[in-house]
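Here the structure is a predicted model, which means the values were calculated and not measured. So you know, we letter chains A, B, ... as the sequences are listed, proteins then strands, and number each from 1.
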Protein chains: 2
Amino acid sequence: MKSTIPESGEPIAKIADNGGPDRPESSLHGEILSRLRDYVVEGNIPDGGRVPERQLCELFGISRTPLREALKVLAAEGLIELLPNRGARVRRLGKRDLEELFDVMGGLESLAGRLACETITDEEIAEIERLHYEMYGYYLHRDMHNYFQVNQRIHERIVAASRNETLRTTYANLAGRIRRVRYSANFARKRQRWAEAMREHEAILDALRRRAGSELSDTLFQHLRNKRTAAVEYLGSTPEGLATEAVDG
Amino acid sequence: MKSTIPESGEPIAKIADNGGPDRPESSLHGEILSRLRDYVVEGNIPDGGRVPERQLCELFGISRTPLREALKVLAAEGLIELLPNRGARVRRLGKRDLEELFDVMGGLESLAGRLACETITDEEIAEIERLHYEMYGYYLHRDMHNYFQVNQRIHERIVAASRNETLRTTYANLAGRIRRVRYSANFARKRQRWAEAMREHEAILDALRRRAGSELSDTLFQHLRNKRTAAVEYLGSTPEGLATEAVDG
DNA sequence: ACGGAAAAAGTTGAATGCAAAACTGCAGCT
DNA sequence: AGCTGCAGTTTTGCATTCAACTTTTTCCGT
């Protein structure tokens with residue numbers, strides 16, 4: 001008799017299935033992959049630090065085989081690096097890496113906005129509106145943590161509204177890498193930039209309401225461009241620099 | 001205390017390092033990953049077919065452990081699917097998948113074009129020009145195989161000229177999935193579409209010469225949009241449909 | 001002969017074992 | 001003191017092993 005596996009036909013391995021509230025992983029490998037990804041993204045290991053194979057095995061209560069499989073996948077996703085015979089390290093993101101990530105995410109969000117306008121429903125817009133005002137509340141209260149949380153969800157909603165799973169998945173992967181930096185560095189945005197970002201979000205919502213694809217596309221791209229600038233400036237201004245250049249390599 | 005971390009080794013695991021002529025894989029895992037990826041991309045396994053673990057172990061002369069690690073990575077890349085307790089299958093791409101892939105690649109190339117215009121050198125443009133005329137020659141001779149080959153290289157060059165490794169890697173991954181379909185299905189483009197594509201490529205080259213970022217961006221996006229239409233039409237017109245929807249699920 | 005249960009064979013997923021490489025500590029040397 | 005060579009320990013990469021699940025074959029009743 002098979003234990004409770006009613007649906008056996010679903011593929012288990014998805015790249016970056018983080019973000020979603022659904023997490024019914026069926027296989028051990030998938031479970032470990034998710035948990036380890038979260039573990040790394042949430043910054044439990046310092047930037048550039050070793051990923052202790054043996055300890056993690058104990059932490060998760062598994063053997064090395066599934067853990068190492070997960071490591072290989074995370075390396076492919078770009079979260080960690082594998083050094084031959086020297087184990088895994090959390091990938092250090094320098095200034096250039098962040099610039100690249102924000103640019104690519106800008107391109108993807110820009111595309112998502114354009115596609116979303118073609119098929120988004122009133123309900124989806126209403127939901128994004130709701131999130132927008134929730135975020136505005138956090139902005140007024142200077143509650144940065146929740147602001148970021150909701151901000152992220154708004155962007156995810158827009159990407160989801162593009163009705164393009166490939167896009168959503170690709171986006172989620174890149175977002176995870178940046179999220180890790182957020183967790184570790186806890187970006188303290190300047191007040192001015194924050195206000196600016198709120199205004200940009202209003203423009204985004206406005207274009208979305210009118211389903212103005214091209215306009216939304218441009219606005220999103222510019223929004224990400226500004227985020228990039230702010231992030232890189234922040235990184236450049238930190239004393240130790242969170243690996244500003246680091247890693248001579 | 002070691003204050004000087006030698007930072008010796010190069011990371012070995014990169015997502016989709018296909019495409020490049022460089023292949024100095026140091027570890028067995030990386031080697032296997034590359035070889036297996038090529039094996040799948042080149043269509044040695046039919047669409048939706050099982051990936052025979054044991055046979056591949058013999059083929060590559062290794063044990064199951066490194067092979068299974070590579071499978072997990074390929075699944076994360078989206079080339080294959082892992083069914084719990086039922087092994088790996090080559091991922092079937094339906095009409096919708098292709099549409100999504102072309103859209104995302106369109107977004108990425110569009111971005112790449114914009115970025116490339118900012119920093120591309122005369123030499124790089126000259127090289128793309130050279131490839132363009134080479135491709136034109138194949139077009140005149142109706143040499144589809146070489147045409148595709150060079151066409152692909154042109155697009156890769158543009159993406160490379162964006163100076164964004166993250167973009168290049170992401171693009172290469174998606175391109176690999178489509179390449180697999182090309183290998184299996186050997187797209188027979190209609191003559192008319194082919195001529196149209198040549199004209200589009202001329203417009204691309206023209207915009208690139210003038211370093212007209214926005215224009216190149218639009219042209220590339222539209223070019224990919226048209227490719228998408230052609231590909232999907234072709235897929236829809238095939239008798240057995242190359243898994244139009246398929247996979248009972 | 002046919003349908004279905006039961007057993008055999010084959011695969012898969014994960015744990016364990018083992019050789020080789022890398023790190024650590026220490027002694028000896030300059 | 002600081003550097004270098006070396007033995008011991010730890011970690012890594014891969015092979016092998018084992019239990020559980022799937023698929024196939026066999027066998028029995030109708």
Q: Check A/Arg37 with A/Glu77, please: is the shortest side-chain N to carboxylate O separation under 4.0 Å?
A: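 Here A/Glu77 pairs with A/Arg37 in a salt bridge, since their nearest N and O are under 4.0 Å apart.
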Q: Does A/Arg225 use its side chain to pair, donor to acceptor, with the backbone of A/Asp103 at less than 3.5 Å?
A: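 Not a single qualifying donor-acceptor pair exists.
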Q: What residue among B/Ile178, B/Val90, B/Val181, B/Leu79 forms side-chain contact (heavy atoms from CB on, under 4.5 Å) with B/Val41?
A: B/Leu79
Q: Round to the nearest Å and state the distance from B/Glu53 atom CD to C/dA14 atom P.
A: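 Computing the B/Glu53:CD to C/dA14:P distance gives 12 Å.
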Q: Would you mind reading off the distance between B/Leu83 atom CG and D/dC21 atom P, rounded to a whole angstrom?
A: 17 Å
Q: If you count heavy atoms of other groups shown closer than 6.0 angstrom to CZ of A/Arg54, is the number above 12?
A: no
Q: Tell me which nucleotide among C/dT11, D/dC21, C/dA15 gets nearest to the side chain of A/Ile62.
A: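 Nearest nucleotide to the side chain: C/dA15.
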Q: Taking donor-acceptor contacts at under 3.5 Å, does the side chain of B/Thr65 reach the base of D/dA15?
A: yes
Q: Among D/dC14, C/dA22, D/dT23, which nucleotide sits nearest the side chain of B/Arg86?
A: D/dT23
Q: Nearest whole Å is fine: how far is C/dG13 P from B/Leu71 CG?
A: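 After rounding, the gap between these two atoms is 9 Å.
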Q: Output the rounded distance in Å from CZ (B/Arg54) to P (C/dG10).
A: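 Result: 11 Å.
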Q: Please report the distance, rounded to the nearest Å, between CG in A/Asn85 and P in C/dA19.
A: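 Distance check: A/Asn85 CG to C/dA19 P gives 17 Å.
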Q: Could you state the NE2-C1' distance from A/His29 to C/dT12, rounded to the nearest angstrom?
A: 14 Å
Q: Which one, C/dA15, C/dC23, C/dT11, comes nearest to the side chain of A/Ser63?
A: C/dA15
Q: Would A/Arg114 count as a cation-pi partner of B/Phe221, with NZ or CZ less than 6.0 Å from the six-membered ring centre and within 45° of the ring normal?
A: yes
Q: Give the nucleotide from the list C/dA14, D/dC14, D/dT12 with an atom nearest to the side chain of B/Pro66.
A: D/dC14
Q: What integer distance in Å separates B/Leu67:CG from C/dT11:C1'?
A: 13 Å
Q: Does A/Arg64 place a side-chain N or O at less than 4.0 Å from the phosphate oxygens OP1/OP2 of C/dA15?
A: no
Q: Round to a whole Å and report the spacing from CD1 of A/Ile32 to P of C/dA15.
A: 9 Å
